[in-house]
Amino acid sequence: MKKILVTGAAGFIGYHLAKKLLDLGYEVVGIDNINNYYDIDLKYNRLNELGINREDAENFHQTVYSSKDQNFLFIRVNLEDRDVLPKIFAEHKFEQVCNLAAQAGVRYSLENPEAYIDSNVVGFLNLLECCRNYKVKHLIYASSSSVYGQNEKVPFSVEDNVDHPISLYAATKKSNELMAHTYSHLYDFKTTGLRFFTVYGPWGRPDMAMFLFTDAIIKGRPIKVFNNGELERDFTYIDDIVQGMVKIVNPVKENRSSNYSLYNIGNSKPVKLMDFIKEIEKQLGVEAKKEMYPMQPGDVSRTWADVDSLKEDFDYNPNTPVSKGVKNFISWFKNYYN
């Protein structure tokens, strides 16, 4: 049985990936530092869905075994912890690592830049060193569509120049790609970077548009619409993301010719922000009160993923329409918040 490390296992994408890998029979070790960037109750409740007791998970460095699935265990730790992380690698001898741990958010990087360097740069270097020293065969890691900055050519391609990030968050993600390239070249192990495009769905992050809009509309509060609504996003449903990642973890076919690979992972069907809001209004049966704002620093007006190479190399097939994705999220939201 393959043993896989999933970092950021209490996070949105990390939780869903860990759950899917367990369903497929993998042995999974999850780590997360459970920081307070957003509601930690949501993070602990995700872990609870995986059978991890909150009281045990609150303690740093303690291994917690899942009551639901003995193939899953959880350790609370920071990626930048140079003492503990190597011990985890030494004990578990991972074949593959899926790195979804990071300090997320474009706007928050304007307020707390140190958190991004600590987690996304220092932490990522520590992870690369562990992969090198403990002979991990394959590192799959999260990059971001934010690296494209103000790129005006669409759809965005991994061949495009991304040397001009407009947020520190994007700069840290670009640095991850460069660091991974260096380690693949020097130490001969596979790295696969995935530039995520606006992921949404059940158990999603409270700082993302889907969550913010739904919460505000249900509570009768106005929603903040940036750039006066003149935005487009390549909204990608979580199941499509996980489906793509699983195909990379265990490829049926794989055409890659290099140790280092980089892909966009998105829906490849950009949606106008106002149309996305209309779909939320339709599913809730309530019209949103809208407050129009200018473009926010570090934000971009449009995202659109060229996913042809991911389809070609791994048979990636995103197929969840926004109408279904929004419906599923709202159903979860109402149930979760009663």
Side-chain angles (χ1 to χ4, degrees), residues 12-13 38 104-110 143-157 160 165-167 169-170 173 195-241 264-307 318-334:
F12 172 37
I13 302 175
Y38 62 80
V106 169
R107 291 169 192 144
Y108 185 61
S109 67
L110 302 175
S143 186
S144 169
S145 61
S146 296
V147 301
Y148 289 105
Q150 294 177 320
N151 184 21
E152 294 182 357
K153 172 185 161 292
V154 291
F156 296 169
S157 166
D160 296 341
I166 60 171
S167 70
Y169 170 68
K173 288 300 185 179
R195 292 175 176 173
F196 291 106
F197 280 71
T198 318
V199 188
Y200 75 102
W203 295 98
R205 278 178 21 214
D207 63 321
M208 298 293 283
M210 176 82 252
F211 199 114
L212 291 168
F213 290 161
T214 301
D215 186 52
I217 294 169
I218 286 176
K219 293 177 179 176
R221 299 197 311 264
I223 62 174
K224 294 180 178 180
V225 182
F226 295 109
N227 202 35
N228 298 306
E230 295 296 321
L231 295 172
E232 290 185 53
R233 290 290 181 267
D234 198 341
F235 290 102
T236 312
Y237 189 62
I238 183 62
D239 288 2
D240 290 331
I241 292 288
N264 290 328
I265 185 165
N267 198 38
S268 201
K269 296 182 181 70
V271 176
K272 292 181 180 178
L273 180 61
M274 297 307 293
D275 290 341
F276 190 68
I277 293 170
K278 286 178 184 177
E279 189 61 43
I280 298 172
E281 292 173 324
K282 176 184 173 183
Q283 296 293 341
L284 288 174
V286 180
E287 184 175 349
K289 303 170 186 175
K290 304 175 187 70
E291 292 181 350
M292 298 299 179
Y293 287 82
M295 181 71 90
Q296 295 297 286
D299 214 345
V300 297
S301 60
R302 189 185 201 189
T303 63
W304 180 358
D306 179 344
V307 296
N319 57 17
T320 307
V322 164
S323 57
K324 180 180 178 181
V326 169
K327 181 179 180 180
N328 289 351
F329 173 82
I330 289 173
S331 177
W332 167 81
F333 187 94
K334 287 181 174 179

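If you read the sequence from its start, that first residue is 1, and numbering goes on from there.
Side-chain contact between Ser301 and Met295 is present, with heavy atoms from C-beta onward closer than 4.5 Å. Contact annotation: the side chain of Val154 never approaches that of Glu232 to less than 4.5 Å [non-hydrogen atoms, C-beta and beyond].
At distances below 3.5 Å, at least one donor-acceptor pair connects side-chain atoms of Thr236 with backbone N or O atoms of Phe197. A donor-acceptor distance shorter than 3.5 angstrom exists from the side chain of Asn264 to the backbone of Asp306, with no hydrogens or angles considered. Remark: side-chain polar atoms of Thr214 are not paired, donor with acceptor, to backbone N or O of Phe211 under 3.5 angstrom.
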Review item, side-chain donor-acceptor pairs of residues 323-331, under 3.5 Å, at least two apart:
unit_1	atom_1	unit_2	atom_2	d
Asn328	ND2	Tyr237	OH	3.1

Distance-only donor-acceptor pairs under 3.5 Å for side chains of residues 222-229, two or more places apart:
unit_1	atom_1	unit_2	atom_2	d
Asn227	ND2	Glu230	O	2.8

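Within a 6.0 Å sphere centred on CD of Gln150, heavy atoms belonging to other residues, nucleotides or ligands number 12 at most.
Sorted by first then second residue, the salt bridge (charged side-chain N to carboxylate O under 4.0 Å, His left out) pairs that include residues 206-215, not counting sequence neighbours, are Arg205-Asp207, Asp215-Lys219, Asp215-Arg221. The salt bridge (charged side-chain N to carboxylate O under 4.0 Å, His left out) pairs that include a residue from residues 265-289 are Glu281-Lys290, where partners are two or more places apart or lie in different chains.
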Would you sort out whether Phe235 and Asn267 count as a side-chain contact (heavy atoms from CB on, under 4.5 Å), showing the intermediate values? CA-CA 6 Å; Phe235 290 102; Asn267 198 38; over 6 Å; no
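Note that CE of Met208 is 10.5 Å distant from CZ of Phe213, once rounded to the nearest 0.5 Å. Separating the CD1 atom in Ile241 from the CZ atom in Phe12 is a distance of 8.5 Å, to the nearest 0.5 Å. Here Asp234 contributes atom CG and Trp304 contributes atom CH2; the two are 9.0 Å apart, rounded to the nearest 0.5 Å. Residue Tyr169 holds its OH atom at 13.0 Å from CZ of Arg107, rounded to the nearest 0.5 Å.
Smallest separation of non-hydrogen atoms from Pro202 and Ile238: CD-CG2, 4.3 Å. Shortest non-hydrogen contact noted between Val147 and Ala170 is CG1-O, 3.8 Å. Ser157 and Arg195 make their closest contact through O-NH1, 4.2 Å (heavy atoms, listed as atom of the first residue, atom of the second, distance). For Gly266 against Ala305, the heavy-atom pair with the smallest separation is CA-CB, 4.2 Å. What you find for Ser146 and Val106 is that their closest heavy atoms are OG-CG2, 3.7 Å. Nearest approach of Val322 to Tyr200, heavy atoms of both residues: CA-OH, 3.5 Å.
Every residue meeting the side chain to side chain contact (heavy atoms under 4.5 Å, CB included) condition with Val300, not counting sequence neighbours, appears here in chain and number order: Ile166, Arg233, Thr303. With sequence neighbours excluded, no residue forms a ring-ring contact (aromatic ring centres under 6.0 Å, His included) with Tyr38.
Counting only N and O atoms by type, the side chains of Asp160 and Asn151 include a donor and acceptor under 3.5 Å apart. If you check the side chains of Thr320 and Asp240, you find a donor sitting under 3.5 Å from an acceptor.
By the 30° and 60° cut-offs, the orientation of the rings of Tyr148 relative to Phe156 is tilted.
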